[in-house]
Colleague: 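Attaching a single structure in structure tokens format; questions to follow.
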Protein chains: 2
Amino acid sequence: MPPMKVVYTPRHLVHDVTYETYLGVQVPANEVAERAERIRAALEADGGSELVEPTEHGEAPILAVHDAGLVRFVGEAWAAARRENLGRTALIADTYPVRAMFEGMSEAAIARLREPRAVGGRTGWWGLDSSNPLVPGTAEAARWAVDVALTTADLVLAGEAAAYGLCRPPGHHAGRSMAGGYCFFNNAAIAAEDITTRTGERVAILDVDIHHGNGTQQIFWRRGDVLYASIHADPADLYPFFVGYADETGEGEGEGATFNQPLPAGTGDAAYLDAVDRALDRIAGTSGSIVVVSLGFDTFAQDPIGTFAVTTAAYHEIGRRVAALGRRLVILQEGGYHRPSLGENARAWLRGAEGRPHDPIPAGGFGPDGARMPA
Amino acid sequence: MPPMKVVYTPRHLVHDVTYETYLGVQVPANEVAERAERIRAALEADGGSELVEPTEHGEAPILAVHDAGLVRFVGEAWAAARRENLGRTALIADTYPVRAMFEGMSEAAIARLREPRAVGGRTGWWGLDSSNPLVPGTAEAARWAVDVALTTADLVLAGEAAAYGLCRPPGHHAGRSMAGGYCFFNNAAIAAEDITTRTGERVAILDVDIHHGNGTQQIFWRRGDVLYASIHADPADLYPFFVGYADETGEGEGEGATFNQPLPAGTGDAAYLDAVDRALDRIAGTSGSIVVVSLGFDTFAQDPIGTFAVTTAAYHEIGRRVAALGRRLVILQEGGYHRPSLGENARAWLRGAEGRPHDPIPAGGFGPDGARMPA
């Protein structure tokens, strides 16, 4: 396969996040614009990748997956914050509608609950954590990230064997009625929904970000037409903490269509590749011709918030094995926060999927401008 | 009535909180030790109040109201944080088990969810917001706050017409399986449960903190033997945001035993006193001889986080009207964050309940040592 097309837009840059809040304390943001720029620059420098601008797909594909209230909130939150003179550079919630608050309430009573007026309360109403700063450009960037995903799907539906969408912000923690974990709209879920609707085929989502895609699982929990297979850190130890266990397999029509493989901290290449093989076996057992990959590089040994020890060589091998499944690939970027390695890791993964050799970058990797750095 | 007994212990001082996290940003703590010390000093300086040390009541009354897992977590959280080398002065969660994360899951699937191992995740599992710092002394102070409440109930059950418990940390945001809003154990709910168990009578809880007591409501939502009557800021605008609406009236055996009066920002004495009358009418319509008062002074005009405009003179009148109900009173401290006024406001409220005149403090109020300050 020649180098695959890369869907990218600089419009993600307006989602300009400077801090997030970790255990109640402001810390420098992990999910920053530099991440996507590092990857874009590395792929450009590698040569052969055609950069494709996303096209607008409108709100309908988002509303097929998300509650209209969440879409409205993301669209107007920053203006609402301005009206309330919050005077901050980012909007982060502090109070959340946790299950325990409503314990004992009937479904009818819960259905009468309503979104608050105050923007702080609204942010919590649609949120799940404090590592999800909403900034002036978030709404625009989140919409374009969806368009990147849908354009990537378009390319594959038009005949490409694989295409890569450089989505930012990422998406897999966003559920039907919930934004969180650096995610606002679930790019991969929206693409999968779009693909299954347009093709009538089943779709598989392979999620190899280190964090469980709790949003994706939630969206397709009762769906039999979308298989969700995730490999991630044990949620007992790592975000998102509350779901992602192996005994969560979906319900109703979706029974058996959720396949979680939580792995312990310190997981290295061999154990990780075994898990990939199990996920691919599961996917091979379902019908359908397209796999959506939620691609994270926060499994990397040096990732500042990850706990695994996967190597660049393994990313090449994972890409190779995923492509060897023989299905078309809609590859969408999720997490990965060790900025100096992101370019090379993305390049290795995509080269693996393309059947090209790894051709390691010299020590020093890529600089922010895409140039190879001296060792 | 002579000045009522005041249950107090300096053991609250170990709950030494310095910051909380508001919309993702660390801000100076509102719920600080000085609050209780201001009130204690003012009541001592006023003369006549007998300070009573709380007695230990053990864990059983707490477990009658709270999930054993929450009690265990509060007890061991700080040690767990130390083991994980979090290296912070306070433990605050960042990720919460919001309802939307589990949307679509059956009750059986939800029942299989489990508390994480990582202390950050555990803090979220039992939490609801980031304004609830857990510090080295929290477990000790929270236990003693419950003992203050139960000792206050003991005094009333032993024949006192009224007694005041200077609880700190406060309690009314803590639910069966949830700590939050400066609260860890629900002192008022534990006292009410203890009273109804020991007397076989119905108990009413009158909550006059500016914030809805979402924990108390949750605990007694389906209980007919405990009436919960709350006057508070409209939750659409103020913490806890998601519950506290007038159409929430309890369910099952508890149908009609929750009485919420949300009021708009800016509410002053006249409208507030009308709401007090409606709450007292409702209480008068139920059997029972004891009222537990969740007493907050964050309805005060100058409160830094409140939005009402209630005056010190009105606190005296509220105390008078509540006592005029003719029931015995277990008065337990909840919120109130304008430190300079706390002593005088508590003194005015209790004097009202005692049938003593208001006798306003000269301008300047009480200093931290209880001495009247020059105007």
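Every heavy atom of this structure was used, including side-chain atoms; hydrogens, water molecules and symmetry mates were not. Per chain, numbering begins at 1; letters A, B, ... match sequence-line order.
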Colleague: Looking only at non-hydrogen atoms, find the nearest pair between Y96(B) and F242(A) and report the distance.
Modeller: C-CE1, 3.3 Å
Colleague: Should the heavy atoms of other residues, nucleotides or ligands under 6.0 Å from CD of E253(B) be counted, would the total exceed 12?
Modeller: no
Colleague: Picking from S130(B), G215(B), G180(B), which has the most non-hydrogen pairs under 4.5 angstrom with chain A?
Modeller: S130(B)
Colleague: Could you tell me which portion of D234(A) (side chain, backbone, both or neither) has an atom closer than 4.5 angstrom to a non-hydrogen atom of chain B?
Modeller: side chain
Colleague: Between E20(B) and chain A, which part of the residue has a heavy atom less than 4.5 Å away: side chain, backbone, both or neither?
Modeller: neither
Colleague: For the atom pair CG (L128(B)) and CE (M101(A)), what is the distance rounded to the nearest 0.5 Å?
Modeller: 4.5 Å
Colleague: For residues P240(B) and T95(A), report the shortest heavy-atom separation together with the two atoms involved.
Modeller: O-CG2, 4.2 Å
Colleague: Could you report the tightest heavy-atom contact between P235(B) and P116(A), atom names first, then the distance?
Modeller: O-CB, 4.3 Å
Colleague: Taking 4.5 Å as the heavy-atom cut-off, does anything in residues 218-233 of chain A contact chain B, and if so which residues?
Modeller: Q218(A), W221(A), R222(A)
Colleague: For E251(B), is it the side chain, the backbone, both or neither that has a heavy atom under 4.5 Å from a heavy atom of chain A?
Modeller: side chain
Colleague: Just so I understand: if I count every heavy-atom pair under 4.5 Å between each of G104(A), G181(A), A90(A) and chain B, which residue has the most?
Modeller: G104(A)
Colleague: Is it the side chain or the backbone of I110(B) that comes within 4.5 Å of chain A heavy atoms, both, or neither?
Modeller: side chain
Colleague: Identify the heavy atoms of D94(B) and L23(A) that sit nearest to each other, and give their distance.
Modeller: OD2-N, 2.7 Å
Colleague: What closest approach, in Å, do Q26(B) and G24(A) show between heavy atoms, and which atom pair accounts for it?
Modeller: CG-O, 3.3 Å
Colleague: Can you tell which of L113(B), V25(B), V243(B) has the highest number of heavy-atom pairs within less than 4.5 Å of chain A?
Modeller: V25(B)
Colleague: I need the minimum non-hydrogen distance between V98(A) and G127(B), along with the two atoms involved.
Modeller: CG1-O, 3.4 Å
Colleague: Measure distances from R99(B) to the heavy atoms of chain A and classify the residue's part below 4.5 Å as side chain, backbone, both or neither.
Modeller: both
Colleague: Please classify the contact of P97(B) with chain A as side chain, backbone, both or neither, using a heavy-atom distance under 4.5 Å.
Modeller: both
Colleague: Does the structure place the NZ or CZ of R114(A) under 6.0 Å from the centre of the six-membered ring of Y245(B), at an angle of no more than 45° from the ring's axis?
Modeller: yes
Colleague: What part of Y239(B) gets closer than 4.5 Å to chain A, counting heavy atoms only: side chain, backbone, both or neither?
Modeller: side chain
Colleague: Tell me if the OH atom of Y19(A) is crowded by more than 12 foreign heavy atoms within 6.0 Å.
Modeller: yes
